[in-house]
Amino acid sequence: MIPIAEALLDWYACHGRHDLPWRQSRDPYHLWLAEIMLQQTQVESARPYYARFLQALPSWQALAAAAQDQVLALWSGLGYYARARNAQRAAQEVVTRFGGHFPNTLEAAVTLPGVGRSTAAAVLASAFGHRQAILDANARRVLIRSHAIDADPKAAATQQWLWTLASALTPEDAHGYNQAIQDLGAMICTPRQPRCVACPLVDRCLAHAQGRSHALPAIVNKAPKPQRCAFFLLVVDTEGQILLEKRPDSGIWGGLWCLPQAAPDGGAFPVLCSGTLHPLEDTPAVRQSLQAAWSRRLGLNLQLRALEEEQQHVFTHFQLRFRCVHARVWGSAVADSAATLRWHRPADALAQGLPTPIRRILRERSGGC
DNA sequence: TATTCGTGGGC
DNA sequence: TGCCCAAGAAT
């Protein structure tokens, strides 16, 4: 066996995180679900979602047949909601195209929505014992440091080299090795302040030999985050119900239920705001356009009331500044043939698949903790 | 090829 | 506090 693999497997046997829930199973459904949830997500964030999801939808068939709203409600708060929509589509394809069994080749597995090369390899190795290399953030960082790779980690040529390296280093026991290198990356070879004294690869690590462990991977220059501004409508009917709008599948918060949103100009999408402008200012003109836009889009006769203080929510690639607008409704009834508008009692609203800042708003209003 | 997709932890 | 980063994939 390659010395690196042997050292990693020995270390893993003693120090690995053997107690993770998805490591107690060899069921492809369990392992696949864990891999999807863990994409760009830390273990402790995904853990409670994994348990709840499996409890509610314990099989390919259950997930395939579920209502999308239920799937998104189970995912609500975990982020990257395309994963949830793709997961359901993948389950449907496993049932219809693969007879209820996860495909047992890399080529077939990556045809499933939301399953890329690394996710497919992880499932095949763990569920079927195949010798398949992964290349996630942990493995990538370990390889970059151990081989002192200076190139831009995101460049295509670097990715290709890393995949070649990962494949060459992965032993027959890929199941154990993949988990070992992930645990090393998460526990020892961390992004900042790696604990090289406790690393089983310290004697073979080029970065450590060169005294550059802390300097790798190379830093990629970051683009400044644009700011976007929007208003959210808080309208309650005579029975105390609140109006929610289902967002389209594409775009941010796709498929989730949200407070009706409008830009200061009345448009549907948040507008870019520079430092000098005050797009969230409470002016008669802004109120006018908001009232007109929402009344038309929602088919309601609205009377705007107070505007709440500005809040913000930071995404990976932009910052959303927003204010909540209280309103009264005259008459009733929302005409919505597409069923993208619904009145919910407060408790019902909180059971829906909501984006985190919207959940926070509704929770505070209903006096919850 | 470069963007677009969430959210919370940690320093 | 602000910023970086995470068990990546789709478009």
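Order of the sequence lines fixes the chain letters, A, B, ..., with proteins taken first and strands second; residue numbering starts at 1 for each chain.
Proximity of Trp253(A) to the phosphate of dT7(B): a side-chain N or O atom is located under 4.0 Å from OP1 or OP2. Distances shown here put every side-chain N or O of Thr119(A) at or beyond 4.0 Å from the OP1 or OP2 atom of dA7(C). At the phosphate of dC4(C), OP1 or OP2 sits under 4.0 Å from a side-chain N or O atom of Lys222(A). Side-chain nitrogen and oxygen atoms of Gln40(A) include none within less than 4.0 Å of the OP1 or OP2 phosphate oxygen of dA6(C). In terms of phosphate contacts, Tyr81(A) brings a side-chain nitrogen or oxygen within less than 4.0 Å of OP1 or OP2 of dT7(B).
For the pair Arg342(A) and Glu245(A), the salt-bridge criterion is not met [side-chain N within less than 4.0 Å of a carboxylate O]. Looking at Asp183(A) and Arg23(A), a side-chain N of the basic residue comes within less than 4.0 Å of a carboxylate O on the acidic one, giving a salt bridge.
Taking the nucleotide of DNA chain C with the nearest heavy atom to each of Val43(A) and Asn86(A), the more 5' of the two is matched to Val43(A). If Ala34(A) and Val115(A) are placed on DNA chain C by their nearest nucleotide, the residue sitting closer to the 5' end is Ala34(A). If you find the closest nucleotide of DNA chain B to Gly77(A) and to Lys154(A), the one lying nearer the 5' end belongs to Lys154(A).
Across all strands shown, Gly251(A) has heavy atoms under 4.0 Å from sugar-phosphate atoms exclusively, and none from any base. Heavy atoms of Ala137(A) sit under 4.0 angstrom from primed sugar atoms or phosphate atoms, though from no base atom. Contact annotation for Arg141(A): backbone-only contact, meaning every heavy-atom pair under 4.0 Å involves sugar-phosphate atoms and none involves a base. Within 4.0 Å (heavy atoms only), Trp75(A) reaches no atom of the nucleic acid at all. Contact annotation for Pro357(A): backbone-only contact, meaning every heavy-atom pair under 4.0 Å involves sugar-phosphate atoms and none involves a base. Within 4.0 Å (heavy atoms only), Leu78(A) reaches at least one base atom of the nucleic acid. At a threshold of 4.0 angstrom between heavy atoms, the contacts of Thr356(A) are confined to the sugar-phosphate backbone, with no base atom among them. Ser118(A) comes within contact range of the sugar-phosphate backbone alone, with a heavy-atom separation under 4.0 Å but no base atom that close. Residue contacts shown for Leu31(A) are absent, as no nucleic acid heavy atom lies under 4.0 Å away. At the heavy-atom level, Arg140(A) lies nowhere under 4.0 Å from the strands shown. Among the heavy atoms of the strands lying under 4.0 Å from Val314(A) is at least one base atom, whether or not backbone atoms are also near.
The distance from atom CD of Gln39(A) to atom P of dT7(B) is 16 Å, rounded to the nearest whole Å. We find that CG of Asp249(A) is positioned 13 Å from C1' of dC5(B), with the value rounded to whole Å. The separation between Arg83(A) atom CZ and dA10(C) atom P is 13 Å, rounded to whole Å. Atom NZ in Lys225(A) sits about 8 Å away from atom P in dC4(C), given to the nearest Å. Atom CD in Gln193(A) sits about 17 Å away from atom P in dC4(C), given to the nearest Å. Rounded to whole Å, atom P of dT7(B) lies 11 Å from atom NE2 of His317(A). For the pair Phe318(A) CZ and dT4(B) C1', the computed distance is 10 Å after rounding to whole Å. For the pair Ile181(A) CD1 and dA7(C) P, the computed distance is 12 Å after rounding to whole Å.
dG8(B) and dT1(C) are spaced 16 Å apart, taking the C1' atom of each and rounding to whole Å. Using P as the reference atom, dA7(C) and dC5(B) are 23 Å apart when rounded to the nearest Å.
In the interface, the side chain of Ser45(A) is not paired with the base of dG8(B) through any donor and acceptor atom under 3.5 Å apart.
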Determine whether Arg247(A) and Thr340(A) satisfy the following criterion, side-chain hydrogen bond (donor to acceptor under 3.5 Å, both in side chains), listing intermediate values before the conclusion. CA-CA 7 Å; Arg247(A) 301 175 67 94; Thr340(A) 58; over 6 Å; no
Go through Val71(A) and Arg85(A) one step at a time and tell me if the side chain to side chain contact (heavy atoms under 4.5 Å, CB included) criterion holds. CA-CA 8 Å; Val71(A) 178; Arg85(A) 302 191 305 273; over 6 Å; no
Between Trp257(A) and Asp69(A), is a side-chain hydrogen bond (donor to acceptor under 3.5 Å, both in side chains) present by the stated rule, with each step listed? CA-CA 9 Å; Trp257(A) 290 89; Asp69(A) 277 345; 3.2 Å; yes
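Considering Leu298(A), Leu244(A), Leu300(A) in turn, Leu298(A) is the only one that fulfils the side-chain contact (heavy atoms from CB on, under 4.5 Å) rule with Leu341(A).
Annotation: Glu310(A), atom CD; neighbour count of heavy atoms from other residues, nucleotides and ligands within 6.0 Å is above 12.
Picking from dG8(B), dC5(B), dA7(C) the nucleotide with the shortest atom distance to the side chain of Arg360(A) gives dG8(B). Of the listed nucleotides (dA7(C), dG6(B), dA6(C)), dA7(C) has the atom at the smallest distance from the side chain of Glu35(A).
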